[in-house]
Number of protein chains: 2
Amino acid sequence: MARKQAADYEQRREAIVDHAARLFASRGFLGASVADLAQACGASKSLIYHYYPSKEDILFEVMDSHLLQLTGAVETVTGSQAPAERKLRDLTHRFMGLYVGAADRHKVLLNDLNHLPPERRAMIVTRQRALIDAVQALIAAVRPDLATPRARRPLTMLFFGMINWTHTWFDPKGAASSDEVAELAAELILGRTR
Amino acid sequence: MARKQAADYEQRREAIVDHAARLFASRGFLGASVADLAQACGASKSLIYHYYPSKEDILFEVMDSHLLQLTGAVETVTGSQAPAERKLRDLTHRFMGLYVGAADRHKVLLNDLNHLPPERRAMIVTRQRALIDAVQALIAAVRPDLATPRARRPLTMLFFGMINWTHTWFDPKGAASSDEVAELAAELILGRTR
DNA sequence: CCTACCGATCGGTAGG
DNA sequence: CCTACCGATCGGTAGG
């Protein structure tokens with residue numbers, strides 16, 4: 001028989017990850033203590049350790065959940081029949097939407113990766129690399145002039161630089177929307193603007 | 001009369017900052033202890049505190065020294081008589097050169113700014129903003145088509161995203177040189193490639 | 001699910 | 001009497 005406590009087990013786990021994302025994003029992984037997290041969750045430290053074996057496991061969960069969303073966007077877009085240029089624009093908008101919608105998790109993924117233990121870090125890095133490779137294939141298809149064998153990776157990373165760096169400055173309440181920023185980044189990569 | 005030991009005072013201070021940059025870059029400000037720093041310098045903690053009143057002062061020095069270099073590059077370039085496009089290309093190359101040459105300090109500046117006490121952080125942020133404004137003026141001059149009032153800041157930040165993000169992936173021993181990457185970033189902003 | 005704790009290590013400072 | 005510097009240890013707090 002199922003136990004009663006199992007009913008909100010997943011909700012509690014998710015709430016912990018959500019508060020952890022907020023704390024880690026604002027203070028850094030080392031700057032936010034498990035006691036801080038417990039307080040934010042309105043619980044004791046022991047409760048946290050009931051749901052997760054270690055602070056690093058919570059960090060992994062924050063990153064993993066976000067990366068899952070990003071990977072989903074890539075699969076959706078690359079599975080379509082649209083031309084490469086359309087796919088790249090579409091994916092850029094989806095990425096920006098996820099970056100803004102999950103800004104805390106995104107910051108944590110970008111800032112605290114080296115606080116994961118090696119095996120966990122390797123898992124994340126492998127999946128990040130798959131994301132990058134998918135985008136690189138689109139960019140190579142759209143910009144055969146620039147994406148020479150030696151420039152292909154740098155070009156792709158400059159693209160990720162544009163959109164990943166938004167976490168440091170983009171304000172959802174600011175003048176420009178995330179779609180406008182995504183469009184601008186796509187235009188720059190596509191080189192269609194002159 | 002000058003004391004003999006004062007002769008290497010500045011050298012020792014600089015050595016501390018240099019080791020701190022390396023440690024903070026690889027483990028983060030909170031992940032590297034003053035004891036680690038002392039060990040890296042082959043000295044005692046007390047020696048560190050003889051030269052700097054606190055760990056945060058060392059962090060400030062790491063960032064300040066790097067920002068001074070970047071500001072110098074901006075002044076050199078904007079003071080020339082070259083056309084805006086030439087200035088932007090030139091500045092992009094100089095930035096990339098400084099980013100690679102002072103990779104540790106650059107990482108620290110980008111990753112650990114929020115571990116500075118508020119007043120110190122405000123000083124750094126103010127000077128960063130001046131850098132950004134100077135680049136924005138060049139971009140606005142070069143791309144009047146894209147740099148509408150509302151798109152001006154996002155466009156500038158996308159540019160900084162391209163070059164700042166290089167600290168996560170660029171390898172000086174890799175296939176592409178920092179000048180090639182700088183050129184690619186400049187091309188994308190200039191939109192001259194199609 | 002909490003209070004009460006642990007081994008260790010933190011940034012910073014004492015006397016000499 | 002100064003400066004530069006050391007070994008040892010301070011009061012608090014970290015993850016668990």
Side-chain angles (χ1 to χ4, degrees), chain A residues 2-17 19-24 26-63 108 112 114-118 120-121, chain B residues 1-17 19-24 26-63 108 112 114-121:
Chain A
R3 307 282 304 279
K4 271 195 177 176
Q5 284 173 324
D8 57 359
Y9 184 83
E10 279 305 325
Q11 297 171 37
R12 276 187 174 273
R13 274 178 70 94
E14 181 51 37
I16 290 169
V17 172
H19 282 106
R22 184 149 45 245
L23 283 170
F24 294 167
S26 64
R27 305 181 202 173
F29 176 69
L30 295 178
S33 69
V34 176
D36 294 333
L37 176 55
Q39 190 179 16
C41 297
S44 67
K45 282 199 292 181
S46 302
L47 176 75
I48 306 295
Y49 283 101
H50 172 70
Y51 284 94
Y52 289 97
S54 75
K55 192 187 180 191
E56 286 163 346
D57 280 87
I58 302 173
L59 177 62
F60 178 79
E61 195 66 21
V62 169
M63 295 181 171
V108 174
D112 290 311
N114 55 351
H115 293 117
L116 274 184
R120 292 298 182 86
R121 180 166 59 224
Chain B
M1 292 290 288
R3 308 284 304 278
K4 272 193 178 176
Q5 282 172 324
D8 58 357
Y9 183 83
E10 278 304 326
Q11 298 171 37
R12 275 186 175 273
R13 274 180 71 92
E14 181 51 38
I16 290 170
V17 172
H19 282 107
R22 184 150 45 246
L23 283 171
F24 295 166
S26 65
R27 305 182 203 172
F29 176 69
L30 295 179
S33 69
V34 176
D36 294 334
L37 176 56
Q39 190 178 18
C41 296
S44 66
K45 277 201 297 180
S46 301
L47 177 75
I48 306 295
Y49 283 103
H50 174 71
Y51 285 94
Y52 289 97
S54 75
K55 193 188 180 190
E56 287 164 345
D57 281 87
I58 303 173
L59 177 62
F60 179 79
E61 195 66 21
V62 169
M63 295 180 171
V108 174
D112 290 311
N114 55 351
H115 292 117
L116 275 184
E119 333 82 56
R120 292 299 183 85
R121 180 166 58 222

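Residue numbering restarts at 1 for every chain, and letters A, B, ... go by the order of the sequence lines. Since we're looking at a predicted model, the values are computed, not measured.
- The interatomic distance linking B:L59 (CG) with C:dC10 (P) rounds to 17 Å, in whole Å.
- If you take CZ on B:F24 and NZ on B:K55, they are separated by 5.5 Å, rounding to the nearest 0.5 Å.
- One can place CG of B:L23 at 15 Å from C1' of C:dG11, the figure rounded to the nearest angstrom.
- Between A:Y49 and the phosphate of D:dG16, there is a side-chain N or O to OP1/OP2 separation shorter than 4.0 Å.
- Atom CZ in A:R27 sits about 11 Å away from atom P in D:dG15, given to the nearest Å.
- Distance check: B:R12 CZ to B:I48 CD1 gives 9.5 Å after rounding to the nearest 0.5 Å.
- Classified by interplanar angle (parallel below 30°, tilted 30° to 60°, perpendicular above 60°), the ring pair B:Y51/B:Y9 is tilted.
- Rounded to the nearest Å, the gap between the C1' atom of C:dA4 and that of D:dG16 is 13 Å.
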Checklist entry - Where do B:K45 and B:L37 land on the side-chain contact (heavy atoms from CB on, under 4.5 Å) test, with the steps shown first? => result CA-CA 8 Å; B:K45 277 201 297 180; B:L37 176 56; over 6 Å; no
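- Considering OH of B:Y52 and CG of B:L59, their distance stands at 11.5 Å, rounded to 0.5 Å.
- To the nearest 0.5 Å, the span separating CD on B:Q39 from NE2 on B:H19 amounts to 11.0 Å.
- For the atom pair CZ (B:R13) and CD1 (B:I58), the distance works out to 9.0 Å, reported to the nearest 0.5 Å.
- Side chains of B:N114 and A:R27 form no contact here, defined as non-hydrogen atoms less than 4.5 Å apart.
- The CD1 atom of A:I58 sits 11 Å away from the C1' atom of D:dG15 (whole-angstrom rounding).
- The distance between atom NZ of A:K55 and atom C1' of D:dG16, rounded to the nearest whole Å, is 11 Å.
- The two residues B:H115 and B:L30 have their closest heavy-atom pair at NE2-CD1, 3.5 Å.
- The backbone N or O of A:F60 lies less than 3.5 Å from no partner atom in the side chain of A:R120, so there is not a single donor-acceptor pair.
- Rounded to an integer number of Å, the gap from CD of B:E56 to P of C:dG12 is 6 Å.
- With rounding to the nearest 0.5 angstrom, the CG atom of B:L47 is 7.5 Å from the SG atom of B:C41.
- The CD1 atom of A:I16 sits 10 Å away from the P atom of C:dC1 (whole-angstrom rounding).
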Any N/O pairs under 3.5 Å between the protein and nucleotides 2-5 of chain C? List them or say none.
| unit_1 | atom_1 | unit_2 | atom_2 | d |
| --- | --- | --- | --- | --- |
| C:dC2 | OP2 | A:S44 | N | 3.0 |
| C:dC2 | OP2 | A:S44 | OG | 2.5 |
| C:dT3 | O4 | A:S46 | OG | 2.8 |

Item to check | Nucleotide-level pairing of DNA chain D, given in dot-bracket where Watson-Crick and G-U pairs need both distances under 3.5 Å and | marks other strands | outcome: .....|.|.||.|.||
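- Proximity of residues 33-40 of chain B to DNA chain C (heavy atom under 4.0 angstrom from any strand atom) is restricted to B:S33, B:V34.
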